Amino acid sequence: MEYIKNGGDILLKTPDLDLDETLDCGQAFRWERIGSGSDCTYRGFMLNTPLTVSAEKDYFRFHDTDEETFQKVWIPYFDLETDYTEIKERLSEDGTLAKACAYAGGIRLLRQDSWEALCSFIISQNNNIPRIKGIIGRLCDMYSGFPGFEQMKGIVPDDLAPLRAGFRAKYITDCIEKLNSGKIVIDEVKKLPVDEARKILMTIKGVGPKVADCALLYGMYRIDCVPMDVWMKRVMEQFYPEGFPEFVLPYAGIAQQYLFHYMRTEISK
DNA sequence: TTCCAGGCGTATC
DNA sequence: GATACGCATGGA
């Protein structure tokens with residue numbers, strides 16, 4: 001990973017990054033492709049830090065970005081200090097994973113804000129990706145950006161009616177209550193062993209094993225967590241009836257990224 | 001019209 | 001602990 005300043009932009013050279021694969025694979029819901037065809041440009045946010053980013057010939061262009069923001073926000077967000085080449089090499093000892101890594105090797109795990117990830121994946125349950133994006137977009141419209149849970153203190157499900165989140169509205173308000181009352185402190189949850197962290201997250205209404213694992217994987221970078229949604233259940237049933245091989249387990253969450261995308265877009269069609 | 005979507009709560013056994 | 005069913009909403 002190396003970068004240079006170019007006017008107000010930053011140009012980044014890095015392997016193992018594809019913006020379409022990474023920003024539009026169902027791990028984050030606030031990136032919009034504003035370029036069409038070969039103009040691969042996305043507009044989105046890390047919490048409320050905005051970014052326009054383009055894939056150009058030999059580098060990625062981070063538009064209107066100062067070096068401090070790039071280092072503090074975007075390097076961690078895009079997980080640029082992790083060597084995905086090495087991870088993919090290791091995972092590719094397994095035949096199915098070798099195919100999945102080759103199919104979409106530009107997927108990276110985005111290190112998202114913990115609260116945004118938790119809230120987003122509560123909304124995701126029994127829902128499809130376009131509609132998840134719609135609900136989160138309306139939430140951001142309501143608050144002029146992605147609101148902090150402190151900002152939403154005291155709201156009741158009816159207050160969220162404009163989101164058209166359906167039965168999930170009461171889950172969001174329960175989550176907000178538990179965070180604001182201090183029943184759950186995200187920074188404490190982050191430090192716990194995964195099993196304990198999962199248990200605590202699951203005390204929130206509407207947070208079961210899958211949503212908890214998404215919050216852990218995408219919001220707290222617990223890369224051994226594998227959210228078991230309908231697609232991953234199909235993957236496991238078809239390719240890993242005995243579970244993942246031992247050597248995959250430390251990176252199972254990243255393996256899941258490749259396999260989820262592979263199953264959802266290639267095998268099932 | 002019916003089915004399904006990055007599931008979960010509840011009832012029942 | 002396992003299984004069945006309802007749930008808001010909207011696109012296919």
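Fair warning: this is a prediction, and the values are worked out from it, not measured in the lab. A, B, ... follow the sequence lines: proteins, then strands. Residue 1 opens every chain.
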- Message: Starting the side chain at C-beta, find the nucleotide from B/dG6, B/dG9, C/dA8 nearest to A/Tyr171.
- Response: B/dG9
- Query: With a 6.0 Å cut-off on ring centres, are A/Phe121 and A/Phe29 close enough?
  - Reply: yes
- Rounded to whole angstrom units, what separation is found between the CE atom of A/Met232 and the C1' atom of B/dG6? 11 Å
- Query: Can you tell which of A/Val185, A/Ile184, A/Val207 makes a side chain to side chain contact (heavy atoms under 4.5 Å, CB included) with A/Ile200?
  - Reply: A/Ile184
- Taking only the side-chain heavy atoms of A/Arg131 (C-beta and beyond), determine which of B/dG6, C/dT9, B/dA5 contains the nearest atom. C/dT9
- note: A/Ile135, atom CD1; C/dT9, atom P; distance rounded to Å ~ 10 Å
- Task: Let me know, please, whether A/Val207 or A/Cys214 comes out on the 5' side of the other along DNA chain B by nearest nucleotide.
- Result: A/Cys214
- Message: Rounding to an integer number of Å, can you tell me how far A/Asn128 CG sits from B/dG6 P?
- Response: 6 Å
- Spacing of the C1' atoms in C/dG6 and B/dC3 (rounded, Å): 16 Å
- Query: Considering only heavy atoms, which members of residues 218-228 of chain A lie under 4.0 Å from some atom of DNA chain B?
  - Reply: A/Tyr218, A/Pro227
- Pairwise P distance, B/dC8 and C/dG10 [rounded to whole Å]: 22 Å
- Message: Expressed as a whole number of angstroms, how long is the span from A/Leu201:CG to B/dG7:C1'?
- Response: 15 Å
- Note on the structure: Considering only heavy side-chain atoms of A/Gln257, the closest of C/dA8, B/dG7, B/dG6 is B/dG6
- Do the ring planes of A/Phe260 and A/Trp231 sit parallel (below 30°), tilted (30 to 60°) or perpendicular (above 60°)? perpendicular
- Task: Examine C/dA8: is either OP1 or OP2 under 4.0 Å from a nitrogen or oxygen in the side chain of A/Arg164? Give yes or no.
- Result: no
- Message: If I take atom NZ in residue A/Lys205 and atom P in nucleotide C/dA8, what distance separates them, rounded to the nearest angstrom?
- Response: 14 Å
- When you measure from the centre of the six-membered ring of A/Tyr221, is the NZ or CZ of A/Arg111 under 6.0 Å away and within 45° of the axis? yes
- Message: From CZ of A/Phe167 over to C1' of B/dC8, roughly how many Å is that when rounded to an integer?
- Response: 8 Å
- Message: By the 4.0 Å heavy-atom rule, please label A/Lys170 as base, sugar-phosphate, or nothing.
- Response: sugar-phosphate
- Item | Presence of donor-acceptor pair under 3.5 Å, side chain of A/Asn126 and base of C/dA8 | yes
- Message: So is the aromatic ring of A/Phe260 stacked onto the base of B/dG6, judging by whether the centres are under 5.5 Å apart and the planes are under 30° apart?
- Response: yes
- Could you check A/Met202 against A/Asp229 and say which one's nearest nucleotide on DNA chain B is further toward the 5' end? A/Asp229
- Query: With a 4.5 Å limit on heavy-atom distance, are the side chains of A/Asp229 and A/Met232 in contact?
  - Reply: yes
- Query: Is A/Arg168 side chain donor-acceptor paired with the C/dA8 base, going by distance under 3.5 Å alone?
  - Reply: yes
- Report the distance from atom CD1 of A/Ile122 to atom P of B/dG6, rounded to the nearest whole Å. 18 Å
- Would a 4.5 Å heavy-atom cut-off, applied to side chains only, mark A/Tyr171 and A/Ile123 as touching? no
- Query: Cut-off 3.5 Å, side chains only: do A/Arg61 and A/Asn6 have a donor facing an acceptor?
  - Reply: yes
- Item | B/dC4 to C/dC7 separation - C1' atoms, rounded to the nearest Å | 14 Å
- Looking only at atom P, what distance separates B/dA11 and C/dA8, rounded to whole Å? 15 Å
- Query: Touch check for A/Pro130, heavy atoms < 4.0 angstrom, all strands: base, sugar-phosphate only, or nothing?
  - Reply: nothing
- Between the base of B/dG6 and the side chain of A/Gln256, is there any donor-acceptor pair under 3.5 Å? yes
- Query: Hey, would you say the A/Tyr3 and A/Phe70 ring centroids sit under 6.0 Å apart?
  - Reply: yes
- Query: Atom CD1 of A/Ile123 and atom C1' of C/dG10: how far apart are they, to the nearest Å?
  - Reply: 16 Å
- Item | Between A/Phe78 and A/Phe62, ring centroids under 6.0 Å | yes
- Message: Considering every strand and a 4.0 Å limit on heavy-atom distances, what is the contact class for A/Gly208: base, sugar-phosphate, or nothing?
- Response: sugar-phosphate
